Every structure is written in structure tokens, then in C-alpha cells.
Amino acid sequence: MGRFGAGVLGRRDTGVLPDGPAVLACTGLSRSFGGVHALRGVDLELDPGRTLAIIGPNGAGKSSLINVLTGLYAPSSGTVTLDGTDLRRTSMADRTRAGLMRTFQGNRIFGTLTVGACLAIGLEAPRARAGRHDVGSLAADFGLEALLDRPVKDLPYGIQKILNLAMVAASRPRVLLLDEPFAGVHADGVERLSAVIDDFRTAGVAVGVVEHNIAALMRIADDVVVLDSGRLIFRGTPTEAEVSPVVREAYLGASAARGGAA
Ligand SMILES: Nc1ncnc2c1ncn2[C@@H]1O[C@H](COP(=O)(O)OP(=O)(O)O)[C@@H](O)[C@H]1O
Ligand SMILES: [Mg+2]
């Protein structure tokens, strides 16, 4: 049972997300950096109320995929659509205003500020202003109410990441892309973060997660795609991914190339 889905994301009032659930899709998506083909002809879809795991070895193109989907980088070719609307001419800021949001690898939150100040900043975002939430209710939804006066830098990394997601939730995302949310987080933090990510999904958000902690990721994923050298080489369920020779080969191949053991 989600702790915040009904409140923060607006379902209690409307039965749907602020502007309805949204499908994010890309077709033939490619991006090169000089001679490096970071993405090669990727087709995929993120659906409302589902969590898509995006995995693959280092350098496979996972962060590039998030960067191109959100408009940080333009594609070399291919299209990105949000609810069927081509985003070619939509800036990153306007994608955010349409509910397409992300977090970055590592935390980009304000270390010397308090938790309460960070939540207040989150509530100033364009999509958040239409919401009915204040710092207190947002903190309560994420279990942060006892920490409002604490500087962010004094908190465990996992709690900082939950705060980061609380700030994102203030803007009521329709699509949420997370780049390595569990990296550097202890096991109990991973469990709390997993519950929070599940709450977004339950509230109807289309969630995409890039993550190396495959075991934890498979517990929250509905669907899995695997990237390898910029190509999408697998699409299936977590169970199918676990037994797929193609997936195994991608990981073993990468580990062999580094000279490491599986
Ligand atoms: N801004 C960039 N400039 C140059 N090369 C890049 C840039 N971003 C990514 N790449 C290259 O694209 C490939 C894929 O990188 P990335 O998407 O970060 O992989 P992953 O997140 O799966 O580890 C790598 O070879 C990387 O060096
Ligand atoms: Mg990456």
C-alpha cells in the first residue's frame, strides 16, 4: 500500500494524475558522440503504472538514453513522443512542465539547506504550484517529518535520495526516469527507496529505472530492457531476463572484456 500516492500525486481528488497518465515512447533513437555510438536505433515505451528496468553493462548507453529522452541531448536520429506528441521541439524545461522528470546519478540537492527548505524549493516548481501541498504534508508523505530542521548534508545518503524523490513528487511527475537510485545506499535505504518508487508506480506514473543493483531492481520492475553497446538487445519480464542467454552474454562479455570474473 503506497504511503503518498493518493495525496501527493493528486489521485484522491481527481482519480488521475494532474493531466492524466502519459506514455513516453521512442523509436529508432540514436545518438553519437564523435565516433562513439551511445544509442543505436532504440525503440521502447514506458507505460503508466509500470516500472521499466533499464539495464546493461557500463557504457551501454543507459544514461545517454535518459539524457536524450529528457532533452538534455538531442538525438542524432529517431523520435521521442509523450502521449503521441513529438518532443523534437520541446525544451527540457517544457518537458518537465509536461510531467517528464528525472533524477541524476548521485545527489544534486542542497547540502547546507535543511530538509524543510529543500521541500519548500520543490513546492515552488511550476507544476507544484497548482498542487494542494505544504512542506508538512509532503514531509509526512515521505516519512521526513522528524527531519525538517536537519541540514541535508548530515543525513544518510539513502535519506537524501528519498528527499530528492519527495522534491520531484511535489511536481507530480507523469513519467519519472531514475538514474542509479540505489548507488551508494545501504540495504535498509534501498528497501525504503524501493517502496517510494513503487508508490509512484501505484499512483499511475510511468517509471524507468537504470540500476546496477539488479536483485533489488527486479523486485520492483514489471518489464526489463537490456542495452548493450547502444542497442536494445532484450525486452521481457524480470523472470525472462534472469534466464535469457542474450542477457547473460552481455554481462559476461563485458566482464570478460574487463578481465574480471563473472
Ligand atoms: N557527453 C558525452 N560526450 C562524449 N561521450 C559520451 C557522452 N555521454 C556518453 N558518452 C559515451 O557514450 C557511451 C555510453 O555512455 P553512457 O550512456 O554514460 O553509458 P551507461 O550509462 O550505460 O554506463 C560511452 O562510450 C560514453 O563514453
Ligand atoms: Mg550511466
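Each ligand, and each atom within it, is numbered from 1 in the order the structure gives. Predicted model, so just to flag it, every value in this text is computed and none were measured. In what follows, every heavy atom counts, from backbone to side chain, and hydrogens, waters and symmetry copies are set aside.
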Next item on the list: Please confirm whether the backbone N or O of V225 pairs with a side-chain atom of R235, one donor and one acceptor, at under 3.5 Å?
Entry: no
Notebook entry, point to check: Does one side chain, of D199 or T202, offer a donor that lies under 3.5 Å from an acceptor on the other?
Noted result: no
Checklist line | Reference residue H37; test side-chain hydrogen bond (donor to acceptor under 3.5 Å, both in side chains); the match among S30, S229, S32 | finding: S32
Note to self: Counting non-hydrogen protein atoms only, what is the nearest one to atom 18 (O) of ligand 1? Give residue, atom name and distance.
What the structure shows: S63 CB, 3.8 Å
Notebook entry, point to check: Quick one: are D222 and R201 in side-chain contact, heavy atoms under 4.5 Å?
Noted result: yes
Next item on the list: Mark yes or no for whether Q160, through its side chain, and L155, through its backbone, hold a donor-acceptor pair below 3.5 Å.
Entry: yes
Margin query: What protein heavy atom lies closest to atom 23 (O) of ligand 1? Include the residue and the distance to one decimal.
Written below: G59 N, 2.8 Å
Note to self: Side chain or backbone, does A38 bring an N or O within less than 3.5 Å of an N or O on ligand 1?
What the structure shows: no
Next item on the list: List the closest protein heavy-atom neighbour of atom 1 (N) of ligand 1: residue, atom name, distance to the nearest 0.1 Å.
Entry: Y73 OH, 3.1 Å
Notebook entry, point to check: Is at least one protein non-hydrogen atom found at under 4.0 angstrom from atom 27 (O) of ligand 1?
Noted result: no
Next item on the list: Give the atoms of ligand 1, by number and element, whose distance to some non-hydrogen atom of N58 is under 4.0 Å.
Entry: 23 (O)
Check: Below 2.8 Å, any N, O or S contact between S63 and the Mg ion (ligand 2)?
Finding: yes
Note to self: Test your reading of the model: is there a side-chain donor-acceptor pair from K62 to the backbone of V226, 3.5 Å cut-off?
What the structure shows: no
Margin query: Determine whether a donor-acceptor pair (N or O, by modelled atom type, separation under 3.5 Å) exists between the side chain of S171 and the backbone of M167.
Written below: no
Note to self: Does the plane of the ring in F200 sit parallel, tilted or perpendicular to the ring in F142? Use 30° and 60° as the thresholds.
What the structure shows: tilted
Notebook entry, point to check: What residue and heavy atom of the protein are closest to atom 25 (O) of ligand 1, and at what distance?
Noted result: V36 CG1, 3.4 Å
Next item on the list: Decide whether an N or O pair under 3.5 Å exists between F33 and ligand 1.
Entry: no
Next item on the list: Identify the protein heavy atom lying closest to atom 19 (O) of ligand 1, giving its residue, its atom name and the separation to 0.1 Å.
Entry: G61 N, 3.2 Å
Next item on the list: Just need the protein heavy atom nearest to atom 15 (O) of ligand 1, so name the residue and atom and give the distance.
Entry: S64 OG, 3.9 Å
